[in-house]
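These notes are about the structure you will find just below.
The chains referred to below are lettered A, B, ... by the order of the sequence lines, with proteins before strands, and numbering in each begins at 1. These figures come from a predicted structure and were not determined experimentally.
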Number of protein chains: 2
Amino acid sequence: MGMGRPREFDAETALDQAMEVFWRHGYEGATIAQLTEAMGINPPSLYACFGNKEGLLKAALDRYSKLRGVWMDEVVAAPTAREVAERMLLGIADKQTDPANPPGCLLVQGGIACGTGSENVPFELAARRAENEDQLRDRFIRAKAEGDLKPTSDPAALARYVSAVSVGMGVMASSGSDREALRQVASVAVQAVEAQSVGRT
Amino acid sequence: MGMGRPREFDAETALDQAMEVFWRHGYEGATIAQLTEAMGINPPSLYACFGNKEGLLKAALDRYSKLRGVWMDEVVAAPTAREVAERMLLGIADKQTDPANPPGCLLVQGGIACGTGSENVPFELAARRAENEDQLRDRFIRAKAEGDLKPTSDPAALARYVSAVSVGMGVMASSGSDREALRQVASVAVQAVEAQSVGRT
DNA sequence: CCACATCTGTAGTGAACACTACATATCTGG
DNA sequence: CCAGATATGTAGTGTTCACTACAGATGTGG
């Protein structure tokens, strides 16, 4: 038995284009017509490869999380909790205003509130954000064990805090805030982590 | 000339119901059928009273901003910048997890990313958020003039920061974070404002 | 070269959407 | 009580949506 006609497009390249459309218009705001045009394929190819619109979103999120994960590994490699927060938030300020991508963060722009039939999309995004938060929390737990964070500090709360600031910055970026404004927010935000650090300079 | 048949529903009560639908499903996710059912009226009444779907959203936002403005006045009445931030963020933690309302904040849930034809909705929401930020900024400018905030502090950046944290908390609330989690975020966030304060205890 | 499997493009499908025409009902001013 | 004006309920309108049937194209294994 034969193996059939080979696909004429590259799935990852197409996913990058789809990611951009979801990023810019959100899950519900993105139409199949926009997606297929950006991906350079026709609807049947999309459905054969990704199942349906939600399957395409999940594939795009997988790709986004993968790239993001590499960067997060560099972030948590910083020597102190304060520097982790600084690297993360200042880095996010730059990433979310990078003209190479739509403004903001796909994990926020993708869909915060959705209509009937797409209720699980916001939870899907939240689950991805939670992964980042978990990674931060683990890093802050280590920082506390190393005596870098105060014995009274709450690593989970700190991680939630940094995650919340990231999300807030993403919304600001998508509604027009420029890089300098986001960097200012990041700088102020880092001071809360610094206040929980032991050897503050 | 007569004045016509009087309307049989109360516009403000109907707006409250519409507000809840937009809050829960977002602008694009909310359908006219859901809105009219929640408001207890039929489509022609909705269109006669509010023009179109976007007009209804703006009316709901006006109402939301009005209620919110009353509360913000109480917030900025706190004696110090630190207490302003604390009142604001802890209050938001409670409000965004109040079971009487959908979780989160209408100014975020309403629509962060929208599809073609609704591009201005996110900007409309951003403009409302900016009003709160301006109010905070003015309060922090005063705090700096009063010697409550350090001479090196940047009131505008502080206001942006508090606003960003609020938004981030709203997203967290809408994706299932409970009140305690939000309060922890608020507590950490306040420490950044405290770090900019003069008489820190 | 043939049977088979998979992809691709065209051209739709039914459903859901925002919005409205129209007839009827209920008010005010004279 | 009548004329004008506005609201209401029924029942649609055209459009757009996610998704797909189908026929032809292009590959592999025998």
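Atom CD1 in B:Ile32 sits about 16 Å away from atom C1' in D:dG12, given to the nearest Å. B:Tyr27 places its OH atom 12 Å from the C1' atom of C:dC17, with the value rounded to the nearest Å. Between A:Asn42 atom CG and D:dA25 atom C1' the separation is 14 Å, expressed in whole Å. Spacing between atom OH of A:Tyr47 and atom C1' of C:dT13 amounts to 13 Å, rounded to whole angstrom units. For the pair B:Arg7 CZ and D:dA5 C1', the computed distance is 14 Å after rounding to whole Å. Atom C1' of nucleotide D:dC19 and atom CD of A:Glu54 are separated by 14 Å, given to the nearest angstrom. Here C:dA25 presents its P atom at 21 Å from CD1 of B:Ile41, a figure rounded to the nearest Å. Per the geometry, CE belonging to B:Met3 stands 22 Å off P belonging to C:dA25, to the nearest Å.
Considering B:Lys144, B:Lys150, B:Arg142 in turn, B:Arg142 is the only one that fulfils the salt bridge (Lys or Arg N to Asp or Glu O under 4.0 Å) rule with B:Glu146.
Using modelled atom types, no side-chain atom of B:Gln196 and backbone atom of B:Glu194 make a donor-acceptor pair closer than 3.5 Å.
Using a 4.0 Å cut-off between a side-chain N of Lys or Arg and a carboxylate O of Asp or Glu, A:Asp134 and A:Arg137 qualify as a salt bridge. Ionic pairing of A:Asp178 and A:Arg183 is not present here: no N-O contact between side-chain nitrogen and carboxylate oxygen is shorter than 4.0 angstrom. A salt bridge is absent between B:Glu133 and B:Arg129; no separation between the charged side-chain nitrogens and carboxylate oxygens falls under 4.0 Å.
Positionally, the nearest nucleotide of DNA chain C for A:Pro43 lies more toward the 5' end than for the other of A:Pro43 and B:Ala33. Along DNA chain D, the nucleotide nearest A:Glu8 and the nucleotide nearest A:Lys53 are compared for position; the residue whose nucleotide lies closer to the 5' end is A:Lys53. Where A:Thr31 and A:Pro6 each meet DNA chain D at their nearest nucleotide, the meeting point lying more 5' is that of A:Thr31. Remark on DNA chain C: of its neighbouring residues B:Gly51 and B:Gly4, the 5'-side contact belongs to B:Gly51, judged by nearest-heavy-atom nucleotide.
Contacts of A:Pro44 with the nucleic acid, taken as non-hydrogen atoms under 4.0 Å apart, include base atoms.
Listed pair A:Ser45 / C:dC7 fails the phosphate criterion, with no side-chain N or O lying under 4.0 Å from OP1 or OP2.
For B:Arg5 and C:dC27, a side-chain-to-base donor-acceptor distance below 3.5 Å is absent, hydrogens and geometry of angles not being considered.
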